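Let me begin by presenting the structure, written as structure tokens, before commenting on it.
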Amino acid sequence: MISRNPNLIQLSSSYLFPEINRRKQEFLLTHPQASLISLGIGDTTEPIPESIVEGLILASVQLGTRKGYTGYGPEQGMAELRKKIASTIYFNSVQPEEVFVSDGAKCDIGRLQMLFGSQVSIAVQDPAYPVYIEGSLIQGVKKIVFMPCRPENQFFPDLSHLQHTDLIYFCSPNNPTGAAATKKQLEQLVAFAKANRSIIIYDSAYATYIQDPQIPKSIYQIEGAKEVAIEISSFSKMAGFTGVRLGWTVIPEELRYEDGSAVRADWNRITTTLFNGASTISQWGGCAILEEKGMQEIAQLASYYLENAQLLRETFQRLGYEVYGGENAPYLWVRFKGQKSWDLFQHFLENYHIVTTPGSGFGQEGEGFLRFTAFGLRQNIHTILNRLS
Ligand code: MLT
């Protein structure tokens with residue numbers, strides 16, 4: 001028998017969300033009548049808007065015709081969709097050839113980690129989306145530097161004390177804190193990466209929730225970012241595509257290794273070797289999202305979830321808690337001073353029948369916080385507000 005991959009031994013036995021689910025199921029065994037409401041995993045709850053569904057249906061119907069049938073598409077994604085992402089999301093500040101369509105940001109993070117291998121050092125925000133660290137550990141990455149992001153530093157790391165790393169993971173609007181970095185902060189980040197010859201892996205999966213026009217929706221709004229940043233993003237939280245699966249990664253041509261060769265060429269190699277392209281049905285759905293009607297529909301979706309966030313935010317504030325996020329992001333980050341996140345999780349589960357996400361599941365700096373997602377049916381949000389009040 002072969003030995004277990006030593007990189008996997010370092011991981012906890014279960015990923016955060018399956019562990020939450022396990023505790024939820026355990027509670028239901030003893031309280032089968034409990035009507036649990038989940039504000040745990042950030043999974044969308046509103047139906048996919050009409051014009052986007054039409055795009056999905058049309059693509060499916062065409063696949064059933066001799067003329068419309070297509071098999072494998074280009075691994076990098078359909079030309080139409082790459083072009084639409086470049087023009088509608090990036091206003092042509094990136095080229096379609098720099099956009100690689102994927103089956104979601106999480107999957108692309110894993111492939112990016114494979115691209116950079118085990119020898120790189122990485123910096124991550126603390127708290128952070130667990131995949132940045134756990135995926136790196138799976139690759140065998142040894143050096144991980146944590147960048148504390150607390151209310152006290154406006155959730156932006158102190159770059160003057162940050163040691164050099166090869167990669168810097170940065171998520172804005174942030175999962176889990178809901179903080180959205182300002183233009184000035186992102187300028188500092190890009191300048192830091194340039195000075196240290198680091199590559200930023202910028203996760204903009206929640207960019208569609210940004211309401212403040214002063215806050216950048218993409219790292220490429222920062223001058224010079226194309227030389228130092230990769231951007232990963234997703235249609236999941238934008239259009240209710242968590243189950244449909246569709247995302248993208250931008251690797252600019254300007255992004256180079258130390259020897260001057262293009263990172264993009266290697267990404268193309270990895271993509272064509274390990275990925276057969278996103279589902280064509282999803283990709284036609286993606287094209288429908290990026291039409292004028294689709295963009296209007298997703299703006300309404302974001303408003304709906306942000307109204308949920310506002311209702312929750314007001315309630316927690318009224319109850320005297322410190323609440324962050326929820327204004328440019330679908331997450332609320334609530335501080336319960338002096339308490340442990342998993343105890344709080346149990347407390348909310350047992351007393352209010354609400355499933356949350358414990359802040360410590362996102363890192364040491366998350367201890368004492370709970371994350372509440374704003375994804376949810378309005379009627380459930382009202383029930384939760386009643387239970388809490
Ligand atoms: C979360 O709740 O943090 C996200 O939904 C997880 C994900 O996007 O993979």
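Positions are given from 1 along the sequence. One-based numbering, in listed order, for ligands and for the atoms of each. Source: prediction; values computed, not measured.
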Numbered atoms and elements of ligand 1 in range of [X], under 4.0 angstrom, heavy atoms:
X: Asn175; answer: 1 (C), 3 (O)
X: Ile41; answer: 2 (O), 5 (O)
X: Tyr331; answer: 1 (C), 2 (O), 3 (O), 4 (C), 5 (O)
X: Gly42; answer: 1 (C), 2 (O), 5 (O)

Requested in this report: Count the heavy atoms of every other residue, nucleotide or ligand shown that sit under 6.0 Å from CD of Gln10, and state whether that count exceeds 12.
Outcome: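 Yes, CD of Gln10 has more than 12 neighbouring heavy atoms, counting only those of other groups under 6.0 Å.
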
**Report entry** Over 12 foreign heavy atoms within 6.0 Å of CD, Gln119
**Finding:**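 Open: at most 12 neighbouring heavy atoms sit under 6.0 Å from CD of Gln119.
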
Report task. Could you tell me whether Tyr15 approaches ligand 1 through its side chain, its backbone, both or neither, with non-hydrogen atoms closer than 4.0 Å? Result ->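 Neither part.
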
Query raised in the report: Quick one: does ligand 1 sit under 4.0 Å from the side chain of Thr373, the backbone, both or neither, non-hydrogen atoms only?
Result: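 No part of Thr373 comes within reach of ligand 1.
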
Requested in this report: Measure from NZ or CZ of Arg371 to the centre of the six-membered ring of Phe362, then state whether that distance is under 6.0 Å and the direction lies within 45° of the axis.
Outcome: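 Output no; distance or angle outside limits.
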
Query raised in the report: Taking the six-membered ring of Tyr321, is the NZ or CZ of Arg335 close enough (under 6.0 Å from the centre) and on axis enough (within 45°)?
Result: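 Here Arg335 fails the 6.0 Å and 45° test against Tyr321.
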
Query - Top protein contact for atom 4 (C) of ligand 1, by heavy-atom distance - result: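 So the nearest neighbour among protein heavy atoms is Lys237 NZ, 3.4 Å.
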
Query raised in the report: Among protein heavy atoms, which lies nearest atom 7 (C) of ligand 1, and at what distance?
Result: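 Of every protein heavy atom, Tyr129 OH, 3.2 Å lies nearest to atom 7 (C) of ligand 1.
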
Report task. Apply the test side-chain hydrogen bond (donor to acceptor under 3.5 Å, both in side chains) to residues Glu231 and Ser204: give CA-CA distance (whole Å), side-chain angles for both, the deciding distance (0.1 Å), then the verdict. Result -> CA-CA 7 Å; Glu231 183 161 306; Ser204 66; 3.1 Å; yes

Report task. Decide whether Ser87 and Asn92 meet the rule of one side-chain donor and one side-chain acceptor closer than 3.5 Å. Result ->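 Ser87 vs Asn92: no donor-acceptor pair found between side chains.
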
